[in-house]
**Student:** 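Please find one structure pasted underneath; my questions will follow.
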Amino acid sequence: MGVIPPALQGRGRRAMDREWASVLSACERRDPAGHAVHLASGLLFMAVLPLGTAPGNIMSAVLLGIFLARWRVTLPLLRPLLGWTPTPVVIALVAWLALSITWSHEPDRGVHLLGSLRVFLLPMVLAPLLLRSHWLAGALLGGITLQALVQCGEYALHRGAWNYDGMARFGGFTSDPGKAGLWDAIGVCGGAAMALSMGARPAALGLVLMMVNLLGAVASGTRRQLAALALVLPALLGWALIMLPERRARVVILVVVGAIASLAAWPFMGPSIAVRLRQTTEQLRGPVESAHEGAPPTGQSDARDASDSAFAPGAAERSPDAAPGAIPPPPMGGIVHYDLRSYYWSAVLDGFREHPWRGLGLGSAATAIREARLRPEMEAWLRVVIDREYADRTADENEHDLRSRLNSSHPHSTWLQLLAEGGVIGLLLGVLAWLLAWASVLTRTIVTRGRDPLPLASAAAILLWAIGAIFDASINSTSLGSVVVLAMLGALGSPTGHAQRALRING
């Protein structure tokens, strides 16, 4: 499995790496002034990528313009990029999803989602800079940590409020806790990789970055990322124990320091963690038990589609002072009494069964959720729950809340969205593209013997993304952009000369 053209695969991995490094060096030498501008723009792009969608979009457009303006030196890189193993599968996936718009129930939404797939151009516009891949990774980790610090500041300001109950979520610059939580978790992987693979001083810095981003992840309130970290971090430590025997003492130190820091932070962050644990426990007990106990939902869906704001017939006639009735059992099992994911998942799976091979078409998950067979029962049950939880609000306010919970633009699962909208073909292409990207990063990790933090961190973070994508995220530029950038840095960065230099420095 190579990272440059198949024609070079027979010469061995070292020959391929030398060829790739040679192409990158030629690109840099032939236009040093243009390369300097390109590099500065690339570093700025990586730094603002975690801070918000708009700044990232602006800088990605700037990078595309620079790439095209330098076409004489940048176009030769396209051939190696096309030989990168995930590339043909990604092209096939994008083509299939674009074709699916022709039978989509909501083609306008499909076109919008297709626009998010522009992030697959990032390897092309950043490839000329990959001799400085560690600089790019450092800028990205710096932006992620800045985002986490802002989240921690928001948390600290709200933590002292008289009415703080641990339920608040903080998104920092993005104002989106879900997106911020993903970047926080990636930052934890980056800091852990530095702490495990680098020299004493960089390792100490990595440990600090790891803890700051972990606090940011807690402040974001995204349990899926914390759960993914609970799986990925032990795997990362296990990898270090096996592949880096000389770092075993470092692993022990990392665990001990991490435990001490967590205990020290518990009085500050503990209330939020306790609330999330209690939520999870209540969900696992089952909605029927909670319903019979009269327990209302402890929170709301973390992603609502407010596009459908029409009130149900007769909503205005309901008295705002009417006492809500007893909460009946929910119409389905699972965790629907809290965040409706089981309802969304059931709806899109029903839609998938209509067209299992081709899917419903890009953008059609919203239609499947809006027209779910369980919608009448779910609506009746949820109306009673909301009326009891928010008895002080008007009937119209509660009705709007009800509609926003019942309607979602995606099922809160990237993999289920691919299955429902792209069918079996779309899911297989998506899973294959992810597997090939992850395998190429793992291969680079093995080649560098785990002593280069860049592929090590990328491998851990790409796995983390796949776990989190089971429970949330969607086909959007932020989520996909993160995994595309990680795969590019981990697999295509660190050509032979730079990897060997990293081995000498860190070994």
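For the single chain, residues carry numbers from 1 onward in sequence order. For the numbers below, each heavy atom of this structure counts, side chains included, while hydrogens, waters and symmetry mates do not.
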**Student:** Donor-acceptor pair, Thr174 side chain versus Gly171 backbone, under 3.5 Å?
**Tutor:** yes
**Student:** Please determine, by modelled atom types, if Asp472 and Ser413 share a side-chain donor-acceptor pair under 3.5 angstrom.
**Tutor:** no
**Student:** How far apart are the closest heavy atoms of Trp183 and Leu140, and which atoms are they?
**Tutor:** CZ3-CD1, 3.9 Å
**Student:** With a 4.5 Å heavy-atom cut-off, do Asp184 and Val188 have their side chains touching?
**Tutor:** no
**Student:** Is Val125 close to Ser60 at the side-chain level, that is, under 4.5 Å between some pair of heavy atoms?
**Tutor:** no
**Student:** State, yes or no, whether a side-chain contact exists between Leu146 and Phe173 at a heavy-atom distance under 4.5 Å.
**Tutor:** yes
**Student:** Would you indicate whether the side-chain heavy atoms of Leu229 and Leu214 approach each other to under 4.5 Å?
**Tutor:** yes
**Student:** For Thr222, what residues pass the side chain to side chain donor-acceptor pair (under 3.5 Å) criterion, not counting sequence neighbours?
**Tutor:** Ser220
**Student:** Below 4.5 Å, heavy atoms only, C-beta onward: do Leu196 and Leu237 meet side chain to side chain?
**Tutor:** yes
**Student:** Considering all heavy atoms of both residues, which atom of Leu436 and which atom of Pro86 are nearest to each other, and what is their separation?
**Tutor:** C-CG, 3.9 Å
**Student:** Kindly indicate whether the side chain of Gln417, heavy atoms from C-beta on, has any atom under 4.5 Å from the side chain of Thr414.
**Tutor:** no
**Student:** Counting distance only, does the side-chain N/O of Arg118 pair as donor-acceptor with the main-chain N or O of Gly115 below 3.5 Å?
**Tutor:** yes
**Student:** Under 3.5 Å, side chain of Gln225 to main-chain N/O of Ala185, donor-acceptor pair present?
**Tutor:** no
**Student:** Just say parallel, tilted or perpendicular for the rings of Trp345 and Phe471, cut-offs at 30° and 60°.
**Tutor:** tilted
**Student:** Give me the atom names and distance for the closest heavy-atom approach of Ile66 to Ser41.
**Tutor:** CD1-OG, 3.3 Å
**Student:** In terms of the angle between their ring planes, are His412 and Tyr344 parallel, tilted or perpendicular, with boundaries placed at 30° and 60°?
**Tutor:** parallel
**Student:** Quick one: does His134's side chain get under 4.5 Å of Leu454's, heavy atoms only?
**Tutor:** yes
**Student:** Please name the pair of heavy atoms, one in His410 and one in Ile369, separated by the smallest distance, quoted to 0.1 Å.
**Tutor:** O-CD1, 3.7 Å
**Student:** Please give me the minimum heavy-atom distance between Pro453 and Ser197, naming the atom from each residue.
**Tutor:** CB-OG, 3.2 Å
**Student:** Is any side-chain heavy atom of Leu126 closer than 4.5 Å to one of Leu130?
**Tutor:** no
**Student:** Tell me whether Thr478 contacts the main-chain N or O of Lys179 through its side chain, where contact means a donor paired with an acceptor under 3.5 Å.
**Tutor:** no
